[in-house]
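Computation of the quantities below employed the complete heavy-atom set of this structure, encompassing side-chain atoms and omitting hydrogens, waters and symmetry-equivalent molecules. If you read the sequence from its start, that first residue is 1, and numbering goes on from there. None of the values given here were measured: they were computed from a predicted structure.
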Amino acid sequence: MQAEIYGGADLLKTTRTRGQGRDGKLPLDADMLLDEASGNLFAMTQNVAMGWHPEEVNREQYVILSTQGGLRAEDGAPIALGYHTGHWEIGLLARAAAETLRGKNAIPFAVYCSDPCDGRSQGTSGMMDSLPYRNDAAVVMRRLIRSLPTRDGVMGIATCDKGLPATLIALAGCGDLPGIIVPGGVTLPAEGAEDAGTVQTIGARFAHGLIDVNYAAEMGCKACGSSGGGCQFLGTAATAQVVAEALGLCLPHSALAPSGEPVWLDIARRSALALLRLKAESLTLSDILSPAALENAMLLHSAFGGSTNLLLHIPAIAHAAGLKPPSVEDWIRINRSTPRLVDALPNGPRDHPTVQVYMAGAVPEVMLHLRDMGLLNRDALTVTGEALDTALDWWRDSDRRRFARERLTRSDGVDPHDVIMSADQARGRGLTSTVVFPVGNIAPQGSVIKATAIDPSVVDDDGVYRHRGPARVFTSERAAIRAVKGLNEDRIRAGDVLVLIGAGPAGTGMEETYQLTSALKFIPWGKQVPIITDARFSGVSTGACIGHVGPEALAGGAIGKLRDGDLIEIEIDRESLSGRVNLVSARDGALSPDAAAELLKQRELHPALAPHPDLPADTRLWAALQAASGGVWAGCVYDVDKITAALEAGMGVLADRAAAPASSE
């Protein structure tokens with residue numbers, strides 16, 4: 001055993017101490033030797049050393065940046081696992097794109113910045129690194145892009161909740177380059193199995209006697225019908241793919257393609273050709289990422305019923321691109337303009353998996369409806385090199401559209417008009433606009449709820465969700481899920497208002513709380529329990545879940561002053577897109593609005609409120625930097641000018657304090 005670990009001498013007998021240099025010559029001339037940076041000259045040496053032909057090292061050079069994770073054998077068998085299916089297969093996309101670029105006499109460079117899995121980290125300390133990863137990864141990705149000084153363009157390949165937003169932010173910050181995004185697609189649903197969102201509730205359902213161990217074990221094993229792609233529901237990963245295409249950064253009908261299928265692999269090949277065309281026509285990312293493109297992305301978010309996490313990511317993309325980030329008023333205006341047009345998991349009513357949304361036409365099909373409604377910015381440029389209007393004309397008349405929709409009907413027995421609807425059809429089926437931003441004495445700076453995902457059975461006939469119930473306040477997600485599962489005496493009951501505090505940026509890195517929302521969805525009485533929190537929600541969350549409450553508890557927000565038994569009143573109007581969330585009564589009785597405001601002003605913060613004891617120092621730094629940059633409603637970005645100003649002001653105060661004792665002597 002010692003020899004196996006420390007090593008023996010046999011392999012040293014044949015170890016080489018010199019090798020054979022490559023034959024040939026670099027394509028150098030006198031001007032290059034005199035004028036080029038030494039790094040550009042040495043780069044040619046490196047390119048040849050890695051096997052590229054010496055005469056070809058001065059051709060156009062393109063960065064292929066992906067979030068690939070894991071090691072796959074040629075037959076797809078795992079050598080080392082990735083963290084999730086979303087990055088497991090995208091190396092195949094990178095290879096197809098690279099082969100296409102090489103076939104067109106360009107030089108591809110492949111670099112990687114892998115990503116975490118929000119599903120894997122739900123309810124664990126890993127979730128405290130989830131949202132902060134996005135900012136850090138975007139920084140690393142931009143550094144990787146800039147570290148190839150001879151770059152002519154960049155392709156980003158990513159799939160999931162944080163990896164794709166990070167890639168979008170990274171490319172948005174490279175506006176002087178031609179660039180394109182290849183979305184990593186979706187996992188197929190499995191025959192006779194639960195979807196990847198439902199299966200994440202096996203613990204809660206078992207705790208309530210709804211399933212047994214054998215059923216949980218079987219469903220947990222077979223939830224994924226293929227080994228690659230984002231989950232089968234319209235969560236954050238799928239919504240980010242939709243938004244990427246809506247921004248014009250992907251080829252038409254790219255988002256939500258089934259991973260591993262030939263049609264998915266073909267997207268990478270065609271994207272490589274499009275990137276070359278963008279370079280040839282001197283079109284850059286700043287030409288594509290315009291205010292019009294940003295508004296189109298918001299429209300598609302609304303029409304799809306997208307994840308509320310994109311309310312953090314779209315402003316961050318805008319910030320990186322140098323555009324004005326959307327305000328809450330902008331979001332309200334967009335959501336008032338269109339109802340949700342897409343019936344997809346988890347929003348319902350029929351819960352079509354994302355591959356069926358793809359076969360029904362996905363982004364371009366929804367855009368046709370938005371164009372007919374006069375909402376779409378038709379002149380926005382796309383990575384096709386042409387205006388969006390031209391791309392939609394092609395889609396409307398294409399064999400691709402006809403074949404995809406016919407295939408959906410033949411193979412799955414699904415009418416594509418039941419998946420993607422006109423506005424009139426959607427309203428007729430009860431689909432409402434996507435998001436509402438409730439305010440009130442608990443959320444004076446605002447909050448957000450995916451109103452379209454509230455169970456219709458708890459919404460009144462006038463389209464308003466109303467709930468009045470006692471607060472059940474928790475300072476940790478672990479305590480809250482134990483109460484939901486009924487593992488403690490203080491179990492959650494129908495009618496309660498579950499309040500989770502200290503879960504914002506300063507407490508947990510603004511953790512995602514899907515294990516709470518998913519458990520309540522599948523417990524029979526769960527729809528009678530709304531959630532209010534300064535945390536955020538998974539894109540697959542449903543129900544009356546109010547998140548992003550500001551100010552957060554640890555910043556002195558009113559939500560941090562709530563106590564068990566406080567009476568909370570919630571009102572969400574899905575027609576007017578307005579909402580309220582207020583403390584209306586305490587132990588001493590009902591409160592007028594002024595009395596409630598005064599009580600919340602005078603109360604101390606909850607005595608158990610504190611940052612999570614395991615909050616990483618890296619995440620504490622992220623929380624401070626994003627707070628200085630405008631906080632949650634600015635997209636949790638790093639605004640260098642604001643951070644610098646805050647540091648300079650703070651250092652000035654510290655200097656004055658340090659000098660004060662000396663001056664008083």
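Within the 4.5 Å cutoff, the side chain of Ile145 has no heavy atoms near those of the Arg143 side chain. Here the side chains of Ile317 and Pro165 are not in contact, with every heavy-atom distance at 4.5 Å or above. You'll find the side chain of Leu300 reaches within 4.5 Å of the side chain of Met367, heavy atoms only. In this structure, Leu283 and Ile288 have side chains that are not in contact, with every pair of non-hydrogen atoms separated by 4.5 Å or more. Annotation: side chain of Tyr83 is not in contact with side chain of Asp115 (no heavy-atom distance under 4.5 Å). Contact annotation: the side chain of Pro78 never approaches that of Arg72 to less than 4.5 Å [non-hydrogen atoms, C-beta and beyond]. Contact check for Pro178 versus Leu285: no side-chain heavy atoms found under the 4.5 Å cut-off.
Thr15 places a side-chain N or O within 3.5 Å of a backbone atom of Leu11 that can act as its donor or acceptor partner. Formation of a donor-acceptor pair under 3.5 Å by the His253 side chain with backbone atoms of Tyr358 is found in this model. Looking at Arg134, its side chain never comes within 3.5 Å of a backbone N or O of Lys162 through a donor-acceptor pair. The main-chain N or O of Thr124 is never found under 3.5 Å from a side-chain atom of Ser121 such that the two would form a donor-acceptor pair.
For the 3.5 Å distance criterion, the side chains of His87 and Ser114 qualify, holding a donor opposite an acceptor. Between the side chains of Glu512 and Ser130, no donor-acceptor pair of N or O atoms lies under 3.5 Å. Counted by atom type alone, Arg95 and Thr100 present zero donor-acceptor pairs between their side chains at under 3.5 Å. Inspection of the His84 and Arg120 side chains reveals no N or O donor paired with an N or O acceptor under 3.5 Å. A side-chain donor from one of Glu365 and Trp395 sits under 3.5 Å from a side-chain acceptor of the other. Between Tyr62 and Glu60, the side chains place a donor N or O and an acceptor N or O closer than 3.5 Å (distance only, hydrogens not considered). No side-chain N or O of Gln200 forms a donor-acceptor pair with one of Gln122 less than 3.5 Å apart. For the residue pair Thr236 / Ser307, a side-chain donor-acceptor distance below 3.5 Å is found, with atom types taken as modelled. In the model, Thr284 has a side-chain atom that pairs as donor or acceptor with a side-chain atom of Asp287 under 3.5 Å. Defined by atom type and a distance below 3.5 Å, a donor-acceptor pair is missing between the side-chain atoms of Asp639 and Gln626. A side-chain donor-acceptor contact under 3.5 Å links Glu89 and Ser259.
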request  = Before giving the answer on side chain to side chain contact (heavy atoms under 4.5 Å, CB included), spell out for Phe233 and Thr354 the whole-Å C-alpha distance, their side-chain angles and the decisive distance to 0.1 Å.
outcome  = CA-CA 6 Å; Phe233 46 77; Thr354 42; 5.6 Å; no
message = Assess the residue pair Arg277 and Glu386 against the criterion (salt bridge (charged side-chain N to carboxylate O under 4.0 Å, His left out)); give the C-alpha distance rounded to whole Å, side-chain angles, the decisive distance to 0.1 Å, and a yes or no.
response = CA-CA 11 Å; Arg277 179 180 177 181; Glu386 298 175 329; 3.8 Å; yes
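In this structure, Asp23 places its CG atom where only 12 or fewer heavy-atom neighbours from other residues, nucleotides or ligands lie under 6.0 Å away. With a 6.0 Å radius and a threshold of 12 heavy atoms from other residues, nucleotides or ligands, Arg407 has its CZ atom at or below the threshold. Applying the 6.0 Å contact sphere to CZ of Arg146 captures more than 12 heavy atoms from other residues, nucleotides or ligands. Annotation for Leu33: atom CG counts as buried by contact number, over 12 foreign heavy atoms lying within 6.0 Å. Within a 6.0 Å sphere centred on CZ of Arg620, heavy atoms belonging to other residues, nucleotides or ligands number 12 at most. Within a 6.0 Å radius of CG in Asp266, other residues, nucleotides and ligands contribute more than 12 heavy atoms.
Of all heavy-atom pairs between Thr150 and Asn40, the closest is CG2-OD1, 3.7 Å. Gly635 and Pro315 make their closest contact through CA-CB, 4.1 Å (heavy atoms, listed as atom of the first residue, atom of the second, distance). Of all non-hydrogen atoms in Ala380 and Asn296, the two that sit nearest each other are CB-ND2, 3.8 Å. For Pro132 against Thr619, the heavy-atom pair with the smallest separation is CG-CG2, 3.8 Å. Between Gly153 and Leu177, the shortest heavy-atom contact is N-CD2, 4.3 Å. The two atoms that bring Leu41 and Leu28 nearest to each other are CD2-CD2, 3.8 Å, heavy atoms only.
Atoms SG and CG, on Cys174 and Leu65 in that order, are 9.0 Å from each other to the nearest 0.5 Å. The CH2 atom of Trp88 sits 14.0 Å away from the SG atom of Cys117 when rounded to the nearest 0.5 Å.
Salt-bridge formation is detected for the pair Lys279/Asp152: a Lys NZ or Arg NE/NH1/NH2 atom is positioned less than 4.0 Å from an Asp or Glu carboxylate oxygen. We find that Arg102 and Glu56 are not joined by a salt bridge, their nearest charged nitrogen and carboxylate oxygen being 4.0 Å or further apart.
Geometrically, Arg59 does not engage Trp52 in a cation-pi contact defined by less than 6.0 Å to the ring centre and at most 45° from the axis.
Taking the six-membered ring for Trp, His319 and Tyr638 have ring centres at least 6.0 Å apart.
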